[in-house]
There are 2 protein chains.
Amino acid sequence: MEDHSIPDIIVGRLPLYLRGLLYLSQEGRSVTSSQELGERLGISAAQIRKDLSQFGEFGKQGTGYKIDYLVAQLRQILHVTQVWEIIVVGAGDIGSAIARYQGFANHGFAVRMVFDNNPAVIGIEVGNFTVQDAVILSQAIQETGIKIAMIAVPASQAQAVADKLVEAGIKAILNYAPISLNVPSGVHVQNIDPVTHLQRMTYYL
Amino acid sequence: MEDHSIPDIIVGRLPLYLRGLLYLSQEGRSVTSSQELGERLGISAAQIRKDLSQFGEFGKQGTGYKIDYLVAQLRQILHVTQVWEIIVVGAGDIGSAIARYQGFANHGFAVRMVFDNNPAVIGIEVGNFTVQDAVILSQAIQETGIKIAMIAVPASQAQAVADKLVEAGIKAILNYAPISLNVPSGVHVQNIDPVTHLQRMTYYL
DNA sequence: TAGATTGTTAATCGATTAACAATC
DNA sequence: TAGATTGTTAATCGATTAACAATC
């Protein structure tokens with residue numbers, strides 16, 4: 001069947017498969033197996049095959065998966081065949097590091113604008129961008145039609161920024177502020193908080 | 001029972017509970033309920049109660065949870081009653097942002113040293129730190145007994161760095177490089193990769 | 001052909017939710 | 001007491017694994 005709603009936990013693994021395949025490709029490999037990929041990623045071969053089978057039949061019995069082909073399929077499934085433009089809100093240390101990050105290129109993303117509301121920061125150069133005044137944030141989102149934003153402002157301002165982004169049409173938020181954002185259904189949020197990641201590990205130490 | 005092995009998925013939610021409780025506390029609240037906390041975090045009340053019940057009985061029927069008490073208990077469970085010192089490897093944009101990040105204070109962590117292997121970077125100041133030569137990395141880990149490291153080097157060097165860290169005694173790694181690290185059992189890894197987080201959302205766009 | 005590996009089924013395992021007695 | 005909310009049980013739901021026929 002093809003019109004199942006795919007569990008989010010499976011969707012979350014697809015980018016890992018894609019990344020693993022790209023490294024294999026870089027190493028000059030053209031074919032791989034669920035077992036080999038699984039060993040690289042720390043995921044069982046059965047799970048990889050099961051996950052992929054939700055979307056189609058991409059391999060061949062006896063030989064495995066043609067890497068270039070599976071990469072292309074995963075990119076289509078994940079909607080990263082074109083480049084998504086991104087707005088960064090907050091030009092402090094984290095926002096600046098994101099704006100300069102070279103890792104988005106060739107993976108479906110490009111930072112397009114950087115905003116802040118601090119007069120001391122507005123107008124300075126960050127990477128290839130001039131920090132813009134956050135008062136024109138909504139207007140810029142509506143004019144460009146950009147759907148993805150990253151929040152890199154202090155936690156105290158993050159919910160207000162999220163509300164503004166959503167109202168202007170943003171549909172996906174990567175949130176670097178250490179707070180749980182409340183957004184309407186239909187808007188997606190992923191959180192990156194080093195403290196919660198670290199605390200998850202100290203439990204075991 | 002008390003000597004169950006706790007599922008990692010539950011351990012992963014405890015830092016979120018802790019963070020939510022701290023915000024409630026900051027707002028002057030002294031008592032909360034599983035329902036209220038759940039609404040804040042987007043987690044069901046039943047799940048919060050069930051998770052907490054793995055570790056003890058922290059609430060009172062009819063009234064809920066005393067916030068300060070539950071915060072203290074969660075800190076003990078997560079082993080963040082004292083400060084864990086951290087080594088940052090890689091003093092590029094990301095490593096520098098981490099080294100300057102103010103959000104670790106009061107949450108159980110403190111960056112202690114920053115390393116790089118690039119002669120152009122060694123010796124410069126990043127936040128309150130002087131970037132040190134990575135050749136003394138192992139020695140520094142062994143002398144200080146530090147158990148937690150963050151990897152903020154290019155993907156091509158990340159596995160080699162991880163191997164070196166593990167050999168020197170590191171037990172928990174927060175990995176900012178976009179690659180799956182292989183480490184021995186007993187060493188914990190958490191990954192922070194904006195690209196995989198973004199691709200997980202573009203699936204739905 | 002013989003060997004390898006897929007896609008898929010069925011079984012197992014684990015996580016979440018609903019519901020409620022207990023009790024503050 | 002009446003109302004509220006916990007801790008826990010049982011039921012439901014979902015995810016993972018094992019195994020294998022199909023087939024390259």
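Lettering of chains follows the sequences in order, A, B, ..., and the numbering in each one begins at 1. When reading the values below, keep in mind they use all heavy atoms of this one structure, side chains included, and skip hydrogens, waters and symmetry mates.
- Under the Watson-Crick or G-U wobble criterion, with both distances below 3.5 Å, dT8(C) is paired with dA19(D).
- In this structure, the CG atom of Leu37(A) is 14 Å from the C1' atom of dT5(C), given to the nearest Å.
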A correct 5'-to-3' footprint of nucleotides 17-24 of chain D, with B, S and - meaning base, sugar-phosphate only and no protein heavy atom under 4.0 Å, is BBB--BBB
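- Enclosure of atom CD in Glu27(B) by more than 12 non-hydrogen atoms of other residues, nucleotides or ligands within 6.0 angstrom is indicated.
- Between Phe109(B) and Phe104(B), the ring planes lie perpendicular to each other; the angle is over 60°, past the 30° to 60° tilted range.
- Nearest nucleotide to the Ser53(A) side chain, out of dT8(C), dT6(D), dT16(C): dT8(C).
- At a threshold of 4.5 Å between non-hydrogen side-chain atoms, the residues Leu52(B) and Leu74(B) count as touching.
- Not one side-chain nitrogen or oxygen of Tyr65(B) sits closer than 4.0 Å to the OP1 or OP2 atom of dA4(D).
- The aromatic rings of Phe55(B) and Tyr203(A) stand perpendicular to each other, their planes meeting at an angle above 60°, with 30° marking the opposite boundary.
- For the pair Asp51(A) CG and dT6(C) P, the computed distance is 13 Å after rounding to whole Å.
- Both Arg13(A) and Ala45(B) lie close to DNA chain D; mapped to their nearest nucleotides by heavy-atom distance, the more 5′-ward contact belongs to Ala45(B).
- Between Ile9(A) atom CD1 and dT16(D) atom C1' there is a gap of 10 Å when expressed in whole angstrom units.
- Taking atom CG of Leu52(B) as the reference point, atom P of dT8(D) lies 11 Å away to the nearest angstrom.
- Aromatic ring pairs are classed by plane angle as parallel below 30°, tilted from 30° to 60° and perpendicular above 60°; the pair His188(B) and Tyr204(A) is parallel.
- Note: CG (Leu70(B)) to C1' (dG7(D)) measures 14 Å, nearest angstrom.
- Toward the 5′ end of DNA chain C lies the nearest nucleotide of Phe58(A), the other residue of the pair Phe58(A) and Asp8(B) mapping further downstream.
- Look at dG3(C): its Watson-Crick or wobble partner, with both distances under 3.5 angstrom, is dC24(D).
- Remark: C1' of dT9(D) and CD of Gln54(B) are 13 Å apart, rounded to the nearest angstrom.
- Distance CD1 (Ile43(A)) to C1' (dA15(D)): 14 Å, rounded to an integer number of Å.
- Note that CG of Leu41(A) is 10.5 Å distant from CD of Glu36(A), once rounded to the nearest 0.5 Å.
- Using a 4.5 Å cut-off on side-chain heavy atoms (C-beta onward), Gln26(A) and Leu22(A) make no contact.
- Going from atom OH of Tyr17(B) over to atom P of dT6(D) covers 13 Å, rounded to whole Å.
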